[in-house]
Amino acid sequence: MSWSDERVELLKKLWGDGLSASQIAAELGGVTRNAVIGKVHRLGLSGRAKAARPAAPRQRKVRRPSLPPRPAARVIGNTVLKVALSPELDEEVEEEVVVQVRAPAVVEELFILPEERVTILQLTEQTCKWPVGDPGSAEFYFCGRRSEPGMPYCEHHCRIAYQPAGDRRRGR
DNA sequence: CCCTGATTCGC
DNA sequence: GCGAATCAGG
């Protein structure tokens with residue numbers, strides 16, 4: 001997604017309206033808040049009415065000379081989790097990672113308080129992404145509780161989703 | 001922990 | 001020019 005005149009104008013407007021960079025990024029779509037902030041600076045419209053930062057002497061730090069893209073780990077089972085899982089794998093992992101995922105529909109449902117439920121737009125890195133209900137229906141929602149560190153699900157749904165190979169029963 | 005904007009610098 | 005990574009701060 002590029003910065004067309006249209007998108008730049010919208011950016012200017014929203015920034016002027018006081019929306020945060022992340023809000024603007026969501027509004028525009030296809031860009032991150034970093035992209036928005038970067039653009040804001042290049043356009044020279046930073047420092048939005050707020051007191052100028054004391055410009056603290058920022059610490060220089062060694063940048064990672066960019067690692068070659070790690071090949072995606074092989075995922076066996078529900079490939080829906082492929083994207084969610086791959087970035088979380090440790091770099092030193094050498095053996096093939098096998099993840100078995102049970103179909104959510106087969107599993108007993110956990111009642112999730114309505115106020116905890118979230119839409120897909122509300123999911124963040126640390127939000128449980130366990131889907132509940134028919135994705136096509138109005139009642140569809142995601143668990144929304146706090147996910148386990150580095151995992152796409154909360155503790156409860158991690159237990160359901162990831163069955164250690166040794167624990168699998170015969171015939172199931 | 002969530003979030004904010006600011007800055008640097010590999011691309 | 002772009003934006004991820006990484007800062008400082010609320």
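Throughout, a chain's letter reflects where its sequence line sits, starting with A, and its residues are numbered from 1.
- Of the residues in residues 30-39 of chain A, those lying under 4.0 Å from DNA chain C by heavy-atom distance are Thr32(A), Asn34(A), Ala35(A), Lys39(A).
- Among the nucleotides dC2(C), dG5(B), dT4(B), the one closest to any side-chain atom of Ser22(A) is dT4(B).
- The CG atom of Leu43(A) sits 15 Å away from the P atom of dT7(B) (whole-angstrom rounding).
- When the P atom of dG5(B) is taken as reference, atom CG of Leu14(A) falls 12 Å away, rounded to whole Å.
- Straight-line distance from the CG atom of Leu28(A) to the C1' atom of dG3(C): 14 Å, rounded to whole Å.
- With hydrogens and angles ignored, the 3.5 Å screen pairs a side-chain donor or acceptor of Trp15(A) with a backbone N or O of Leu45(A).
- A donor-acceptor pair under 3.5 Å is formed between the side chain of Arg7(A) and the backbone N or O of Ser2(A).
- Judged by a 6.0 Å distance limit and a 45° cone about the ring axis, Arg146(A) is not positioned over the six-membered ring of Tyr153(A).
- If you take CG of Leu19(A) and P of dC3(B), they are 16 Å apart, rounded to a whole angstrom.
- In this structure, Glu27(A) CD and Leu10(A) CG are separated by 6.5 Å, a value rounded to the nearest 0.5 Å.
- For dC1(B), the OP1/OP2 oxygens have no side-chain nitrogen or oxygen of Arg146(A) closer than 4.0 Å.
- In this structure, the CD1 atom of Ile24(A) is 15 Å from the C1' atom of dC3(B), given to the nearest Å.
- Contact check, Trp3(A) against dG3(C): a side-chain N or O comes under 4.0 Å of OP1 or OP2.
- Taking the charged nitrogens against the carboxylate oxygens, Glu155(A) and Arg159(A) do have a contact shorter than 4.0 Å, which makes a salt bridge.
- What separates NE2 of His41(A) from P of dG5(B) is a distance of 9 Å, to the nearest Å.
- Across all non-hydrogen atoms, the minimal contact from Trp3(A) to Arg42(A) is NE1-NH2, 4.3 Å.
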